[in-house]
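Sequential numbering from 1 along the given sequence is applied to the chain's residues. Nothing here was measured: the structure is a model prediction, and the numbers come from that model. First listed ligand is number 1; within each ligand, the first listed atom is number 1.
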Amino acid sequence: MKHNHIAGRWVAGGGGIDNVNPSDTTDIVGSYAVADGGMVAEAAQAARAAFPAWARSTPQQRADILDAVGSELLARREELGTLLSREEGKILADGIAEVVRAAQVFKFFAGEALRIPGEKVASTRPGVEVDILREPVGVIGIVTPWNFPMAIPAWKIAPALAYGNCVVFKPAELVPGSAWALAEIIARAGVPAGVFNLVMGPGSLIGDALVDGVDAVTFTGSVATGRRVAQRAVGRMIRCQLEMGGKNPMVVLDDADLDIAVDAAVNGSFFQTGQRCTASSRLVVTEGIHDRFVAAVTERLERLAVGHALKPGTEIGPVVDSRQLEQDLAYIAIAEQEGARRRCGGQRLTRETPGFYLSPCLFTETTNAMRINREEVFGPVASVIRVRDYDEALSVANDTPFGLSSGICTSSLKHATHFRANSAAGLVMVNLPTAGLDFHVPFGGRKGSSHGPREQGRYAVEFYTSVKTAYVRAG
Ligand code: NAD
């Protein structure tokens, strides 16, 4: 059994959970200890005790550790990518790419540790100097979802450590394998005991204890859990950052390049089994291109190879678990009851190994008021909303409680520019899928998708540091 990491030691839990391969439910990936509330509190205390010394560590020391983590991830990309795909179900190429992404993030923040910004501003008073300094916040609680088991932990842990914070990391209970492998690398990379702690287990059991023990919490997951985390964090008056769901629109205008639009839709809506917060689940298509677009997307979806994540040639892996599969099937049934037309897919598939296989599902004749277009499904399911023109497309695109990503496919500079300026989302894509991002620029959404400062790139400094304004009498 793989243990929790608390105060520099590997510690057994009160119990364990087995991690099941969604491509083959007879394959147990591993067995992982489950922490209880007391152990989480212990991890937070260890982090608190380690904080003063870590906050005074040199940027070079922190940069070297983060760089070493990045190098080991890169060197082990095939092995760890295989583990990731085996436990989460994304295809091997995507599993490996995600490990590489995690490595890039660690290396990026190794550089940022050497570039911690500050500012000198002239005082309004004579003989006074003013410096604006950035200091670490303290102990950061990190809560992550299952769909990017390496990349999301990386883009939270790396900046937390780079800016001199200590960490208590709680990964999603469905994907402890990737989290444990990452924690083991960090633990060996030279962080002093207590600076980095791993506690595994269901959020319903240990989430509250985590929020109660830390100075700030960064969360990625569903809206319902995010709201709960935020309420508890506000109760303690600690800072909190939330990245949550999406119902991301991709607009396709009559003047779009059909091939680009179809590629963007198939990739953005269905790759990684549609289990991306940035997936384009609403395809908002103008009348003149609607039928050609639907025919071409349907034809591509019917050819996509759905199967075991590790099997060569697979393009779409399984859904992550039985609960998510039930949710996907329930939304498919709801859409049909609401009058949407199922163009293709939406059926459970059997393969050589028992797994949670679902054929990519496209709905047409949907309206933006239907539940299928209001609520996040988080599976290989997308719907087409037919609109008259660009103005209606923009209004439908923005008519959602979410605001994570959005996209437009068009050859019109005028409409692309207008959409970029008027889309109510944190990410806007022109002639690109709504999912698929760079690691060195800010990431995050608006409205119900996000709360707090942006993640990633140099903008991560906002959440992971606390500003101090220092006045000095000169001379
Ligand atoms: P989830 O909300 O069920 O779980 C997320 C994490 O919260 C898990 O680690 C879980 O154990 C923990 N948790 C559960 N209850 C808790 C509590 N009371 N206190 C503290 N932590 C608790 O989400 P999920 O099913 O793992 O992930 C899917 C969701 O994540 C989707 O809604 C998706 O859109 C979202 N997501 C968002 C982004 C983004 O950056 N915006 C990225 C990836 C996934």
**Q** Would Trp155 and Phe108 count as a ring pair (Phe, Tyr, Trp, His ring centres under 6.0 Å) here? Give the steps.
**A** CA-CA 10 Å; Trp155 80 53; Phe108 176 85; over 10 Å; no
**Q** Is Lys90 positioned over the aromatic face of Phe148, cation under 6.0 angstrom from the ring centre and no more than 45 degrees off axis?
**A**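 Yes - Lys90 lies over the ring of Phe148, closer than 6.0 Å to its centre and within 45° of its axis.
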**Q** The criterion is side chain to side chain contact (heavy atoms under 4.5 Å, CB included); which residues satisfy it with Ser269, sequence neighbours excluded?
**A**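 Result, side chain to side chain contact (heavy atoms under 4.5 Å, CB included) vs Ser269: Ser280, Leu283, Ala382.
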**Q** Using a threshold of 4.0 angstrom between heavy atoms of the protein and any atom of ligand 1, which residues qualify?
**A**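 Within 4.0 Å of ligand 1, protein side: Val143, Thr144, Pro145, Trp146, Asn147, Ile152, Lys170, Pro171, Ala172, Glu173, Gly203, Ser204, Gly207, Phe219, Thr220, Gly221, Ser222, Thr225, Arg228, Val229, Glu243, Met244, Gly245, Cys277, Glu376, Phe378, Leu404, Phe443.
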**Q** Phe51: what forms a ring pair (Phe, Tyr, Trp, His ring centres under 6.0 Å) with it, not counting sequence neighbours?
**A**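 Residues passing ring pair (Phe, Tyr, Trp, His ring centres under 6.0 Å) with Phe51: none at all.
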**Q** Please identify each residue that fulfils side chain to side chain contact (heavy atoms under 4.5 Å, CB included) with Arg371, with sequence neighbours left out.
**A**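 Arg371 satisfies side chain to side chain contact (heavy atoms under 4.5 Å, CB included) with Tyr331, Ile334, Glu338, Glu375 only.
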**Q** Hey, which of Asn248, Asn373, Asn368 is the one that makes side chain to side chain donor-acceptor pair (under 3.5 Å) with Arg282?
**A**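 Exactly one option meets the side chain to side chain donor-acceptor pair (under 3.5 Å) with Arg282, and it is Asn368.
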